[in-house]
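Throughout, protein chains are lettered first and strands after them, A, B, ... in sequence-line order, and every chain is numbered starting at 1.
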2 protein chains.
Amino acid sequence: MSHMGYGCLMAVDRDHVLRSAAALLTRKSTATMDEVAKAAGISRATLHRHFAGRDALVRALEALGIAECEAAVDAARLDEGPASDAVRRLVREIESAAGLLAFLYTENQLFEGEAQNEGWSRIDGRIAALFRRGQDSGEFRIDLTPAWLTEALFGLLASGAWVVQSGKVAPKDFHHMIVELLLGGALRREES
Amino acid sequence: MSHMGYGCLMAVDRDHVLRSAAALLTRKSTATMDEVAKAAGISRATLHRHFAGRDALVRALEALGIAECEAAVDAARLDEGPASDAVRRLVREIESAAGLLAFLYTENQLFEGEAQNEGWSRIDGRIAALFRRGQDSGEFRIDLTPAWLTEALFGLLASGAWVVQSGKVAPKDFHHMIVELLLGGALRREES
DNA sequence: CCCATGTGAGACATTGATGTCTCATTCAAG
DNA sequence: CTTGAATGAGACATCAATGTCTCACATGGG
């Protein structure tokens with residue numbers, strides 16, 4: 001077990017650190033490396049052995065967020081069945097990553113450079129394609145652009161994660177809240 | 001003009017500094033006091049004469065945001081006419097402050113203390129009351145809580161400001177985008 | 001038992017932002 | 001012109017976070 005380098009329980013430790021870092025940074029985005037370490041139950045030295053610095057940590061969180069989003073998009077099978085059902089599946093799959101997403105959403109440091117991670121563009125593209133498919137099939141209205149609907153979805157996910165974390169609404173309402181508002185809006189449907 | 005203390009053009013200067021600070025910090029929330037000063041066209045010394053420190057600057061921005069929100073809520077006359085029209089007026093009135101709102105939205109430092117500015121609670125309460133009025137009158141669906149609709153409105157305003165600033169959609173579409181998604185959702189209405 | 005690896009604790013220098021100071025300059029009122 | 005106030009430029013100390021280092025411990029495999 002000498003030359004294994006990274007592997008074995010290293011991976012789960014690293015993942016655990018990322019999870020707790022995400023949870024902490026979502027609440028307090030200015031948390032110190034020391035606080036992040038304490039939150040993960042390790043020392044600052046060990047944290048620094050896993051991630052070269054704060055920058056590397058945030059990048060790793062971004063990579064994790066992208067991976068989870070992409071996995072959710074895959075699992076939701078966006079091109080099968082009615083577009084609105086695909087949206088429901090997507091929100092369901094992405095729900096567990098919403099906290100992490102909310103953190104990354106506020107970390108505009110990630111987007112100010114001209115070289116933003118292409119993973120986001122790919123995810124944006126796939127979700128926008130879903131909305132476009134819904135428009136083409138006549139399910140969705142065409143006066144709201146796919147790009148805006150995609151952005152609004154992420155915004156609502158972040159708002160939802162935030163409002164759940166603040167305790168204002170129950171976690172079990174997360175999916176219904178977001179899907180119903182995004183698809184149906186606040187107005188009552190006409191009783192036909 | 002010796003003993004006037006603060007007044008006269010001091011006020012407009014202070015306001016101008018706040019505006020440019022908001023515009024800059026919305027794009028780069030980690031901007032230095034020096035960058036903020038440069039963005040406002042003044043020196044760091046002068047900036048520091050207006051605001052004791054970075055903290056005071058952020059607090060002043062929060063106060064400005066609260067004031068503009070409250071003014072928008074007043075101007076929108078939330079308790080007159082159909083609730084959906086009131087929502088449209090509210091978004092219209094609040095549009096010019098959306099950039100500032102988007103910045104404050106990501107500044108979770110403002111909300112982590114137990115003593116969050118009561119201005120927000122008051123605004124939240126007034127907007128939630130509007131949604132509740134719409135539910136009571138039968139305009140709005142009742143399965144989405146007023147608290148969530150309020151939070152979602154702010155989330156969509158932030159997303160809208162962000163997507164406009166990134167150039168993905170035109171500023172003139174801001175109002176339509178947000179109001180239509182919030183009220184009507186992505187689904188096409190049945191042709192009755 | 002012995003050793004190697006991972007870890008925690010802590011010391012230390014570095015760095016970048018910040019807050020405070022002084023001083024020369026500008027500008028408008030008198 | 002004179003004067004006073006506000007400003008810009010810059011020097012300076014401070015401070016908190018960071019990155020790097022060493023050393024002791026303990027744990028598990030040989």
Side-chain angles (χ1 to χ4, degrees), chain A residues 1-62 103 106-110 112-113, chain B residues 1-62 103 106-110 112-113:
Chain A
M1 266 212 188
S2 56
H3 55 291
M4 72 184 334
Y6 295 88
C8 193
L9 24 139
M10 287 292 294
V12 325
D13 267 338
R14 183 187 156 98
D15 190 74
H16 168 245
V17 171
L18 278 176
R19 298 290 168 181
S20 29
L24 173 61
L25 290 173
T26 299
R27 295 193 304 270
K28 178 177 174 159
S29 63
T30 64
T32 295
M33 290 293 275
D34 206 55
E35 298 175 282
V36 172
K38 288 225 187 325
I42 62 176
S43 75
R44 197 164 68 94
T46 304
L47 173 63
H48 213 271
R49 282 177 194 116
H50 285 324
F51 306 98
R54 186 193 189 75
D55 222 46
L57 175 63
V58 173
R59 291 296 166 179
L61 283 171
E62 183 186 29
F103 162 67
T106 68
E107 203 68 3
N108 38 28
Q109 165 192 7
L110 294 173
E112 65 194 18
Chain B
M1 264 212 187
S2 56
H3 54 290
M4 71 183 336
Y6 295 90
C8 194
L9 24 138
M10 286 293 293
V12 325
D13 268 340
R14 183 188 156 97
D15 191 74
H16 168 245
V17 171
L18 279 177
R19 298 289 167 184
S20 29
L24 173 61
L25 289 174
T26 299
R27 294 192 304 269
K28 178 176 177 171
S29 62
T30 64
T32 295
M33 291 292 276
D34 206 55
E35 298 174 282
V36 172
K38 288 226 187 322
I42 63 177
S43 73
R44 197 163 69 94
T46 304
L47 173 62
H48 211 270
R49 283 178 193 114
H50 285 324
F51 305 98
R54 185 190 190 75
D55 219 48
L57 176 63
V58 173
R59 291 296 166 178
L61 284 171
E62 183 186 30
F103 162 67
T106 68
E107 203 69 3
N108 39 26
Q109 165 193 7
L110 294 173
E112 66 194 17

Rounded to the nearest angstrom, tell me the gap between atom [atom1] in [X] and atom [atom2] in [N].
{"X": "B/Leu47", "N": "C/dG19", "atom1": "CG", "atom2": "P", "value": "10 Å"}
{"X": "B/Lys38", "N": "C/dA17", "atom1": "NZ", "atom2": "P", "value": "13 Å"}
{"X": "A/Arg14", "N": "C/dT7", "atom1": "CZ", "atom2": "P", "value": "13 Å"}

* N/O (side chain, A/Thr46) to phosphate O (OP1/OP2, C/dT7) under 4.0 Å ->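 Checking A/Thr46 against C/dT7: no side-chain N or O falls below 4.0 Å of OP1 or OP2.
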* Per-nucleotide protein contact string for nucleotides 17-24 of chain D (B base, S sugar-phosphate only, - none; heavy atom under 4.0 Å) -> SBBB----
* Asked: If you measure from the Lys or Arg side-chain nitrogens to the Asp or Glu carboxylate oxygens, is any gap between A/Arg59 and A/Glu62 under 4.0 Å?
  ->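 A/Glu62 and A/Arg59: salt-bridged.
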* **side-chain contact (heavy atoms from CB on, under 4.5 Å) against A/Thr30, all qualifying residues, sequence neighbours excluded** =>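 Partners of A/Thr30 by the side-chain contact (heavy atoms from CB on, under 4.5 Å) criterion, ordered by chain and then number, come out as A/Lys28.
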Nearest heavy-atom neighbours spanning [X] and [Y]:
{"X": "B/Ala60", "Y": "B/Arg14", "result": "CB-NH2, 4.0 Å"}
{"X": "A/Leu24", "Y": "A/Glu35", "result": "CD2-O, 3.6 Å"}
{"X": "A/Val17", "Y": "A/Ile42", "result": "CG2-CD1, 3.9 Å"}

* **B/Thr46 vs B/Arg49, side-chain contact (heavy atoms from CB on, under 4.5 Å): CA-CA, chis, key distance, verdict** => CA-CA 5 Å; B/Thr46 304; B/Arg49 283 178 193 114; 3.6 Å; yes
